[in-house]
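Have a look at the structure below, then the notes.
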Amino acid sequence: MNAPQRINIGKQHPAAYTALITLSSEVEAAAAAAGLDPLLVELLRIRTSQINGCSFCLRMHTRDALKKGENPDRIAVLPAWAETGYFSETDRAALRLTEAITRVADGHVSDEDYDTAAAVLTADQISAVAWLATVMNAFNRVAITSRYPVGN
């Protein structure tokens, strides 16, 4: 028995999807203005997508990161970033905050996670990281709900 075809919610409500794309562009500009490295921005998108299990976004942002010059080793060890020497203090603070925001149902964003980020990141960077995680989580949910195809 074949399951019914999933509705692509982005195509079903294109104005909402376009608004999400516009929001994503604004957030990317805010991240750049806050001084976040574009490679870190891609790693945050990848890490969010890893946690959520979004194959479509993982493929897209891994390709984007590699095109921008990201080290494949950093992508390979991203799920275990805390146990490696590949990531700067800024990277670690942003990754930790991104993980806490993505896993908000597991205890919200704890004071410890927030304070760790605030000890390293500026207010603009904290806000940009939070918005990046928020938007990436939204894109993951659109792609997963719609079952965007990946591979054969």
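Here, residue 1 is the first one in the sequence, and each next residue gets the next number. Remember, predicted model here, so these are calculated numbers, not experimental data.
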Quiz item: Would the number of heavy atoms belonging to other residues, nucleotides or ligands and lying under 6.0 Å from OH of Tyr148 be above 12?
Solution: yes
Quiz item: Side chains of Glu28 and Arg45: closer than 4.5 Å at any heavy-atom pair?
Solution: yes
Quiz prompt | Close side-chain approach of Leu44 and Met136, heavy atoms under 4.5 Å | solution = no
Self-check item: Non-hydrogen side-chain atoms of His13 and Tyr17 separated by less than 4.5 Å
Solution: no
Quiz item: Has Ile7 got more than 12 heavy atoms of other residues, nucleotides or ligands less than 6.0 Å from its CD1?
Solution: no
Self-check item: Closest contact, heavy atoms only, Ala128 versus Val27
Solution: O-CG1, 4.2 Å
Quiz prompt | Side-chain heavy atoms of Trp81 within contact of Leu43, under 4.5 Å | solution = no
Quiz item: Closest heavy-atom contact between Thr98 and Thr48?
Solution: CG2-OG1, 3.1 Å
Practice problem: Considering only NZ, NE, NH1 and NH2 on the basic side and carboxylate oxygens on the acidic side, decide whether Lys67 and Glu42 come within less than 4.0 Å. | Solution: no
Practice problem: Please check if any side-chain donor atom of Asp91 sits under 3.5 Å from a side-chain acceptor atom of Ser88, or the reverse. | Solution: yes
Exercise. Could you pull out the closest heavy-atom pair between Ala118 and Ile126, with the gap in Å?
Key: CA-CD1, 3.5 Å
Quiz prompt | Any Phe139 side-chain heavy atom under 4.5 Å of Ile21 side chain | solution = yes
Exercise. Find out whether Val129 and Leu40 are in side-chain contact, i.e. whether some heavy atom of one side chain is under 4.5 Å from a heavy atom of the other.
Key: no
Practice problem: Mind listing the closest non-hydrogen atom pair of Asn52 and Ile144 along with its distance? | Solution: O-CD1, 3.4 Å
